[in-house]
Amino acid sequence: MAELTKQELLDRRYLRMARIWAENSYCRRRQVGALIVKDNSIISDGYNGTPSGFENICEDEEGKTKPYVLHAEANAITKVAKSGNSSSGATLYVTASPCIECAKLIIQAGIVRVVYSELYRCSDGIDLLAKAGVTVDFIEMED
């Protein structure tokens, strides 16, 4: 196996950190974590869950995700916006590929690269990011 570049090593490290951050999620169906990195510093983080002030229950009685649950990417993007920092030019590391709604937020936030390790059930978010010129990289991670 070829030796990994410094960037590839960093990408894998940040993805492992995003995976650990996903463990904070109370969602039973899927736990997703996200980190926004700019200039080699983590400027925001997020995981999927309910909005601030809501009970930490993501699914209804039938096991379906409640409609107001935020995705990890949306949590990380709104958190960085609230902090007054800029995500323009940043990289988003996320454990699952973004859905189309999160892809729109990523584009508007000025994030230029997305690195993910699992494919979401549909690829329309990835397709939109590519159409917008956002670099999208899949990295397979060992368990």
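From a predicted model like this one, the values you see are computed outputs, not experimental measurements. For reference, positions follow the sequence shown, starting with 1.
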My understanding is that only residues two or more places apart in sequence, or in another chain, count here; which of them pass salt bridge (charged side-chain N to carboxylate O under 4.0 Å, His left out) with Glu55? Lys66
Under the rule for salt bridge (charged side-chain N to carboxylate O under 4.0 Å, His left out), what residues qualify as partners of Glu8, not counting sequence neighbours? none
Look at the side-chain heavy atoms of Ile, Leu, Val, Met, Phe, Trp and Tyr, link any pair under 4.5 Å apart, and say whether Leu10 and Met141 land in one connected group. yes
Tell me every residue that passes side chain to side chain contact (heavy atoms under 4.5 Å, CB included) with Cys27, counting only those two or more places apart in sequence or in another chain. Ser25, Asn48, Cys58, Glu59, Val69
My understanding is that only residues two or more places apart in sequence, or in another chain, count here; which of them pass ring-ring contact (aromatic ring centres under 6.0 Å, His included) with Tyr26? none
How are the rings of Tyr47 and Trp21 set relative to one another: parallel (under 30°), tilted (30 to 60°) or perpendicular (over 60°)? perpendicular
Listing request: all side-chain hydrogen bond (donor to acceptor under 3.5 Å, both in side chains) pairs with a residue in residues 71-82, at least two apart in sequence or in separate chains. Asp45-Lys79
Pairs flagged by salt bridge (Lys or Arg N to Asp or Glu O under 4.0 Å) wherever residues 32-43 is involved - sequence neighbours left out: none
By side chain to side chain contact (heavy atoms under 4.5 Å, CB included), which residues pair with Asp137, not counting sequence neighbours? Arg113, Val115, Thr135
Atom of Pro98, atom of Ala103 and distance for their closest heavy-atom approach: CB-N, 4.3 Å
For Ile43, what are the other residues in its hydrophobic cluster, where any two members join if their side-chain heavy atoms are less than 4.5 angstrom apart? Val32, Ile36, Ile77, Val80, Leu92, Val94, Ile100, Leu105, Ile106, Ile107, Ile111, Val114, Tyr116, Leu119, Ile126, Leu128, Leu129, Val134, Val136, Phe138
Strictly distance-based, threshold 3.5 Å: is any side-chain N or O of Arg12 a donor or acceptor partner for the main-chain N or O of Glu140? yes
What's in the same ILVMFWY side-chain cluster as Leu70, cut-off under 4.5 Å, chained through other members? none
Check Ser44 against Ala76 and note the closest heavy-atom contact, atom names and distance. OG-O, 2.7 Å
Distance (rounded to the nearest 0.5 Å) between Arg19 CZ and Thr95 OG1: 8.0 Å
State, with a plain yes or no, whether a side-chain heavy atom of Leu15 is found less than 4.5 Å away from one of Ile139. yes
How many angstroms lie between atom NZ of Lys64 and atom CZ of Arg29, to the nearest 0.5 angstrom? 9.0 Å
Pairwise salt bridge (Lys or Arg N to Asp or Glu O under 4.0 Å) hits with a residue in residues 102-111, at least two apart: Glu101-Lys104
Pairs where residues 77-106 contributes a residue and the test ring-ring contact (aromatic ring centres under 6.0 Å, His included) is met, not counting sequence neighbours: Tyr14-Tyr93
Quick note, disulfide bond (SG atoms under 2.5 Å apart) partners involving residues 84-115, not counting sequence neighbours, are none
